[in-house]
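Below is one structure, written out as structure tokens, with a few remarks after it.
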Amino acid sequence: MPTIPEPDPLIAPADMQVVERVLNMKGGYVLDFSDRTFDEFIAHEVGIDATAPRYSEDGGSKARRLRRILPSLSAGQQAKTLRAFLKYRDSPLRDERVTLLDDEWRAAYEEVIRGLEQRVTDADKSYAASSWTGVRTIREQVAIVRGLAPVALREIDELASLIESKRFNDPVTADAVQCLRELHRQLGELIDAIDRGSMTREAVEAIEANREKLTGYVKDGAKLAMVAPAMTFGIMHLLSWLSGVPVDSTMVSTIYGSIVASDVLKAISKKSSLAAN
């Protein structure tokens with residue numbers, strides 16, 4: 001499987017030490033969370049699966065996974081997640097073994113959060129209208145990318161991994177998976193650009209160009225639509241919203257045809273002895 005480049009960390013190493021101290025991450029723990037409650041917390045706060053293999057590449061402990069999860073999030077999402085952890089830490093729900101946070105560490109931790117939130121504010125201010133020629137306003141595009149790009153990133157990674165696990169050997173499916181991986185890289189860079197205030201129309205257009213390539217592969221018989229039609233269709237729509245270019249009707253009919261064909265084949269296999277020949 002191709003290696004996906006690691007995003008540049010938005011939290012400096014010294015600041016990450018503050019985060020780890022406040023969240024009691026020594027020894028692989030995160031506060032008093034069990035594996036189950038940690039996974040539920042992450043799913044609720046940022047909508048991602050904390051059990052995904054990519055977050056366990058350094059080990060499966062909660063602390064090791066959180067060290068992987070945080071850099072994968074946008075600046076706004078990281079700030080939101082850290083604030084949610086602080087709220088939980090201050091809650092009477094926490095275990096008595098988690099002591100009250102003293103003022104010095106609280107101030108340092110909140111400064112890390114404010115730094116992330118300031119990145120979002122600075123990015124918004126740094127966009128120049130003259131560098132954006134899309135139909136949407138720059139603020140509209142930024143809002144859409146912030147909301148949808150992380151979702152598309154996760155869905156694309158899951159679809160690519162699912163198709164790879166099936167071990168198809170036809171070239172068009174292999175090309176489609178490679179296109180998914182390239183889209184994943186482009187979306188990661190787009191999220192990073194949003195955080196740094198450097199998103200360009202060219203970056204969005206490059207994603208649209210790859211979406212069109214992926215559409216072509218599906219039309220040519222790539223197994224994406226047959227194996228996971230709903231996920232494929234959903235990804236196409238997410239990418240369409242990101243770029244502002246509607247999904248064409250032939251794409252809809254192609255995936256719909258794959259769904260129908262799959263159902264028909266299942267019915268035949270159950271009812272006809274020819275299926276075994």
Side-chain angles (χ1 to χ4, degrees), residues 1-13 16 42-43 45-58 64-82 116 119-120 122-124 126-127 132 134 138 141-164 175-214 217 224 231-232 234-245:
M1 180 185 302
T3 301
I4 299 170
E6 294 296 325
D8 294 332
L10 297 175
I11 301 177
M16 192 61 198
I42 294 296
E45 294 301 328
V46 286
I48 67 174
D49 179 9
T51 67
R54 61 186 176 278
Y55 301 130
S56 300
E57 292 181 1
D58 299 325
R64 288 181 183 273
R65 287 189 288 144
L66 184 57
R67 292 186 190 108
R68 281 273 179 176
I69 289 169
L70 280 175
S72 74
L73 304 175
S74 68
Q77 287 180 311
Q78 288 188 41
K80 177 179 181 292
T81 303
L82 293 182
L116 291 167
R119 279 182 175 271
V120 177
D122 291 345
D124 284 343
S126 69
Y127 291 112
W132 183 259
I138 183 66
Q141 186 66 36
V142 167
I144 287 170
V145 172
R146 281 201 180 121
L148 295 184
V151 179
L153 197 73
R154 295 190 292 270
E155 291 295 304
I156 285 171
D157 187 46
E158 289 182 14
L159 179 59
S161 297
L162 173 63
I163 300 301
E164 285 177 330
D175 288 343
V177 171
Q178 184 176 352
C179 187
L180 284 170
R181 293 299 182 191
E182 176 64 12
L183 278 164
H184 190 282
R185 182 191 64 78
Q186 289 176 317
L187 283 169
E189 291 178 351
L190 189 63
I191 291 171
D192 185 63
I194 285 287
D195 287 332
R196 302 179 191 282
S198 57
M199 185 184 71
T200 64
R201 181 65 195 169
E202 288 75 17
V204 177
E205 288 175 344
I207 289 173
E208 173 56 24
N210 261 335
R211 182 183 75 88
E212 291 179 357
K213 283 178 60 177
L214 187 63
Y217 292 136
L224 280 63
M231 183 180 291
T232 302
I235 286 170
M236 293 300 183
H237 269 290
L238 284 171
L239 295 174
S240 174
W241 269 100
L242 282 168
S243 66
V245 179

Next on the checklist: How close do R211 and M236 get, counting heavy atoms only, and between which atoms?
Outcome noted: CD-O, 3.7 Å

Checklist entry - Donor-acceptor pair, S72 side chain versus I69 backbone, under 3.5 Å? => result yes

Item to check | Stepwise side chain to side chain contact (heavy atoms under 4.5 Å, CB included) test for L183 and I235 | outcome: CA-CA 11 Å; L183 278 164; I235 286 170; 5.9 Å; no

Checklist entry - Nearest heavy-atom pair of L70 and M16: which atoms, and what distance? => result CD1-CE, 3.8 Å

Checklist outcome for this item: L116 and A79 have their tightest heavy-atom pair at CD1-N, 3.8 Å

Next on the checklist: Let me confirm one number: the CD-CD1 distance from E189 to I194, rounded to the nearest 0.5 Å.
Outcome noted: 13.0 Å

Checklist entry - Taking 4.0 angstrom as the limit, do R67 and D58 come out as a salt bridge? => result no

Item to check | Close side-chain approach of E164 and R181, heavy atoms under 4.5 Å | outcome: yes

Checklist entry - Could you give the distance from CD (Q186) to CD1 (I156), rounded to the nearest 0.5 Å? => result 9.0 Å

Next on the checklist: I need the minimum non-hydrogen distance between V204 and L242, along with the two atoms involved.
Outcome noted: CG1-O, 3.7 Å

Item to check | Pairwise distance CD1(I191) to CG(L148) - rounded to 0.5 angstrom | outcome: 10.5 Å

Next on the checklist: Which residues pass the side chain to side chain contact (heavy atoms under 4.5 Å, CB included) test with E212, not counting sequence neighbours?
Outcome noted: E208

Checklist entry - Given the rule in the side chain to side chain contact (heavy atoms under 4.5 Å, CB included) test, do L153 and D157 qualify, once you have shown the distances and angles that lead to the verdict? => result CA-CA 6 Å; L153 197 73; D157 187 46; over 6 Å; no

Item to check | Between CZ on residue R185 and CG on residue L190, distance to nearest 0.5 Å | outcome: 11.5 Å

Checklist entry - With sequence neighbours excluded, what pairs up with A176 under the side chain to side chain contact (heavy atoms under 4.5 Å, CB included) test? => result L214, Y217, A222, L224

Item to check | Distance, nearest 0.5 Å, that separates CG of L180 from CD of E155 | outcome: 11.5 Å

Checklist outcome for this item: For Q78 and P71 the tightest heavy-atom approach is NE2-CA, 4.1 Å

Checklist entry - Measuring from N210:CG to Q178:CD, what's the distance to the nearest 0.5 Å? => result 9.5 Å

Checklist entry - Are R201 and E205 ion-paired here, with the side-chain N under 4.0 Å from a carboxylate O? => result yes

Checklist outcome for this item: T51 meets the side-chain hydrogen bond (donor to acceptor under 3.5 Å, both in side chains) criterion, sequence neighbours left out, with D49

Checklist entry - Does some side-chain heavy atom of R54 sit less than 4.5 Å from a side-chain heavy atom of R68? => result no

Checklist entry - Between S56 and R65, which heavy-atom pair has the shortest distance, and what is it? => result OG-CD, 3.5 Å

